[in-house]
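Computed from heavy atoms alone, side chains included, the values below leave out hydrogens, waters and symmetry copies. All residue numbers refer to positions in the sequence shown, counting from 1.
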Amino acid sequence: MKFGGTSVATPDRIKRAAKRVAREVANGHDVIVIVSAMAGKTNELVGWVDQISPMYDAREYDAVVSSGENVTAGLMALTLQEMDIPARSWQGWQVPLKTNGAHGAARIEDIPTKNLDEKFGEGMKVAVIAGFQGISPEGRITTLGRGGSDTTAVAFAAAFEAVRCDIYTDVDGVYTTDPRITAKARKLDRIAFEEMLELASLGAKVLQTRSVELAMRYGVKLRVLSSFEEYDETAGTLVCAEDEIMESNVVNGVAYSRDEAKMTLLGVEDRPGIAAAIFGPLSEAGVNVDMIVQNISEGGKTDMTFSCPVSEVARAKQAIEAAHEAGNFEYGELVVDDNVSKVSVVGIGMRSHAGVAAKMFKALQNEGINIRVITTSEIKISVLIDRKYMELAVQALHDAFELEKAR
């Protein structure tokens, strides 16, 4: 059971979460609880680090920002003990949750089960684990990156072969799209791992992408549900394997990413290796390139268009200019449009149904929305459009595919 920051934001909310844990203990389960820091605490700790040391040592950064989860874990264990439930808190290094040495964005390498198994064998009913943190090969505290508590929870569920992994958050499940954009958005009872992975990577913030990847790899059943709603056995959304879904919709969700930028290199020489020459430096600079389109060559020259988050435009420009000055490639002009958004439709049903793209493009045409860039995969179609039309596009696509209707 994983509880996010809003679910443990106050002592009262921790007590409420503890009652849910107590219910599972009463049902005969040993329970591993993963907790995030109280809402706002991690941002506060990050702010203090930036204030004291803008060019900080990443190892000390991890030591500071991981402390928020330690507080919550201790308070949750105390709350459960007050309810006469044998519980104790565990920090990442005590388990130990072993990671690589990439401070601030560490990846989990191993979770030995011995220490926890011994304590469960001695009568412990609940292990409360500080999420988001682990220990490096050098024995230093590491953190897994923002949203890392979701990843912690799935990793523990896989390591201990748990019945399932419940992610408690401030929403009551996974919706067909953002309910703040269209009131017709419908909560899904089930969604396939592949669909959830696409939705998470495309901007849906319900689950962290790495946690869904892990769940899919190890076959961990994930359930997303609200810690603020009354408990119900059928609550939330189950994220599971495709073969556990009887009949899937052609399209199951509409995702969006608001702050995208479109960058176009005009007059690039058309030769073998040009794509590697452009995107290699961008990768090294940490630019998260998404959609890529290359135009037809004319006179030995071509245009290369790609999208990236607006926040990474300056870094992308710098990387391209540095590669150009180093003589890696030639181009005529770099054109940047930082006022676009990405809208995507996702569904495993696309594999066996034709006409999804035509229906999507027709819906956007009917609203007078011009498409700048298109990319497709087996289960998704994404378009770049002017940002001012983003919400209209989401609503139009939700209506066109009748996502408000349960099948």
Original post:
Would the number of heavy atoms belonging to other residues, nucleotides or ligands and lying under 6.0 Å from CZ of R107 be above 12?
Top reply: no
**OP:** Mind listing the closest non-hydrogen atom pair of R190 and C240 along with its distance?
**Re:** NH1-SG, 4.1 Å
Subject >> Heavy-atom donor-acceptor pair, D386 side chain to K388 backbone, under 3.5 Å >> reply: no
**OP:** Determine yes or no for a side-chain-to-main-chain donor-acceptor pair under 3.5 angstrom, with Q81 supplying the side chain and P86 the backbone.
**Re:** no
**OP:** Would you please classify the geometry between the F156 ring and the F160 ring as parallel, tilted or perpendicular, with 30° and 60° separating the classes?
**Re:** parallel
Original post:
Quick check: does any side chain N or O of H353 sit under 3.5 Å from a backbone N or O of G349, one acting as donor and the other as acceptor?
Top reply: yes
**OP:** Show your working on side chain to side chain donor-acceptor pair (under 3.5 Å) between T99 and T142 and close with a plain yes or no.
**Re:** CA-CA 7 Å; T99 73; T142 54; 2.8 Å; yes
**OP:** Determine yes or no for a side-chain-to-main-chain donor-acceptor pair under 3.5 angstrom, with S211 supplying the side chain and V154 the backbone.
**Re:** no
Original post:
Does anything in residues 262-286 pair up under ring pair (Phe, Tyr, Trp, His ring centres under 6.0 Å), and if so which pairs, sequence neighbours excluded?
Top reply: F279-F306
Original post:
Are R140 and D62 close enough for a salt bridge, meaning some N to O gap below 4.0 Å?
Top reply: no
Original post:
For K41, does the NZ atom have more than 12 heavy-atom neighbours from other residues, nucleotides or ligands under 6.0 Å away?
Top reply: no
Original post:
Do S341 side-chain atoms and R258 backbone N/O form a donor-acceptor pair below 3.5 Å?
Top reply: yes
Original post:
With side chains defined as the heavy atoms from C-beta onward, is the minimum distance between R13 and V8 less than 4.5 Å?
Top reply: no
Subject >> Side chain to side chain, E118 and K114, heavy atoms closer than 4.5 Å >> reply: yes
Subject >> Within-4.5 Å side-chain heavy-atom neighbours: M350 and V251 >> reply: yes
Subject >> Greater than 12 external heavy atoms within 6.0 Å of F361's CZ >> reply: yes
Original post:
Sub-3.5 Å donor-acceptor pair from the side chain of E195 to the main-chain atoms of A192, do we have one?
Top reply: yes
**OP:** Can you establish whether the number of heavy atoms outside R16 located under 6.0 Å from its atom CZ is more than 12?
**Re:** yes
Could you tabulate the donor-acceptor pairs under 3.5 Å formed by side-chain atoms of residues 311-320, not counting sequence neighbours?
| residue | atom | partner | partner atom | Å |
| --- | --- | --- | --- | --- |
| E312 | OE1 | N288 | N | 2.5 |
| R315 | NH1 | A285 | O | 3.3 |
| R315 | NH1 | G286 | O | 3.0 |

Original post:
In this structure, are over 12 heavy atoms from other groups packed under 6.0 Å from K301 atom NZ?
Top reply: yes
Original post:
Excluding sequence neighbours, so at least two apart, what forms salt bridge (charged side-chain N to carboxylate O under 4.0 Å, His left out) with E109?
Top reply: none
Subject >> Pairs involving residues 22-60, ordered by first then second residue, that meet ring pair (Phe, Tyr, Trp, His ring centres under 6.0 Å) (sequence neighbours left out) >> reply: Y56-Y61
Original post:
Looking only at heavy atoms, which two atoms of Q133 and S66 are closest? And how far apart?
Top reply: NE2-O, 3.1 Å
Subject >> Trace of the side-chain contact (heavy atoms from CB on, under 4.5 Å) decision for I181 with Y256 >> reply: CA-CA 11 Å; I181 288 184; Y256 66 87; 3.4 Å; yes
**OP:** Apply salt bridge (charged side-chain N to carboxylate O under 4.0 Å, His left out) to K119 and E122, showing your working.
**Re:** CA-CA 5 Å; K119 290 298 178 185; E122 292 169 9; 3.5 Å; yes
Original post:
From R180 CZ over to E391 CD, what is the distance, rounded to the nearest 0.5 angstrom?
Top reply: 9.5 Å
Subject >> Note: E402-R186 ion pair, threshold 4.0 Å (strictly below) >> reply: no
**OP:** Kindly write out the residues that satisfy salt bridge (charged side-chain N to carboxylate O under 4.0 Å, His left out) with D338, not counting sequence neighbours, or none if the list is empty.
**Re:** none
Original post:
Between R372 and V383, is there a donor-acceptor pair closer than 3.5 Å when you use the side chain of the first and the backbone of the second?
Top reply: no
Subject >> Spacing of C165 atom SG and L222 atom CG [to the nearest 0.5 Å] >> reply: 5.0 Å
Subject >> Nearest heavy atoms of M76 and I14, plus distance in Å >> reply: CA-CG2, 3.9 Å
Original post:
If every non-hydrogen atom of T177 is compared with every non-hydrogen atom of H398, which pair is closest and at what distance?
Top reply: CG2-CD2, 3.4 Å
**OP:** For atom NZ of K98, decide whether the heavy atoms of other residues, nucleotides or ligands shown that lie under 6.0 angstrom number more than 12.
**Re:** no
Subject >> Side chain to side chain, Q395 and M390, heavy atoms closer than 4.5 Å >> reply: no
**OP:** Evaluate the side-chain proximity of R351 to E242: yes if any heavy-atom separation is below 4.5 Å, no if none is.
**Re:** yes
Original post:
After noting the C-alpha distance and the side-chain angles of E198 and I379, does the key distance pass the side-chain contact (heavy atoms from CB on, under 4.5 Å) rule?
Top reply: CA-CA 8 Å; E198 290 286 10; I379 65 165; 3.7 Å; yes
**OP:** Could you pull out the closest heavy-atom pair between A277 and F329, with the gap in Å?
**Re:** O-CE2, 3.4 Å
Original post:
Just how far is it from atom CG of L75 to atom NZ of K15, taken to the nearest 0.5 Å?
Top reply: 10.5 Å
**OP:** Hey, can you tell me if F3 and Y168 have their rings parallel, tilted or perpendicular (30° and 60° cut-offs)?
**Re:** parallel
Original post:
How long is the span from the OG1 atom in T169 to the CG atom in L207, to the nearest 0.5 Å?
Top reply: 8.5 Å
**OP:** Identify whether the distance between the nearest side-chain nitrogen and carboxylate oxygen of R20 and E24 falls below 4.0 Å.
**Re:** no
Subject >> Expected output: side-chain T375 to main-chain M291 donor-acceptor under 3.5 Å >> reply: no
Original post:
Can you tell me how far the OG1 atom of T302 sits from the CD atom of Q294, to the nearest 0.5 Å?
Top reply: 4.0 Å
Original post:
Checking E404 side chain against K184 main chain: does a donor-acceptor pair fall under 3.5 Å?
Top reply: no
Original post:
If you look only at pairs with a residue in residues 281-292, which of them pass as a salt bridge (Lys or Arg N to Asp or Glu O under 4.0 Å), with sequence neighbours excluded?
Top reply: D290-K342
Original post:
If only atom types and distance count, is the side chain of R387 paired as donor or acceptor with the main-chain N or O of V340 below 3.5 Å?
Top reply: yes
Original post:
Any chance NZ of K187 has more than 12 other-residue heavy atoms, nucleotides or ligands included, within less than 6.0 Å?
Top reply: yes
**OP:** Salt-bridge test for D166 and R164: reply yes if a basic N is under 4.0 Å from a carboxylate O, no otherwise.
**Re:** yes
**OP:** Walk me through it: do E260 and S257 pass the test side chain to side chain donor-acceptor pair (under 3.5 Å)?
**Re:** CA-CA 7 Å; E260 294 287 312; S257 178; 2.8 Å; yes
Original post:
How many angstroms lie between CE in M38 and CD in E44, if you round to the nearest 0.5 Å?
Top reply: 11.5 Å
**OP:** Please examine the side chains of I167 and D150, heavy atoms only from C-beta on, and report whether any two atoms are closer than 4.5 Å.
**Re:** yes
Original post:
Is any side-chain heavy atom of R59 closer than 4.5 Å to a side-chain heavy atom of S136?
Top reply: no
Original post:
Would a 4.5 Å heavy-atom cut-off, applied to side chains only, mark P112 and D110 as touching?
Top reply: yes
Original post:
When you look at OH of Y218, are more than 12 heavy atoms from neighbouring residues, nucleotides or ligands closer to it than 6.0 Å?
Top reply: no
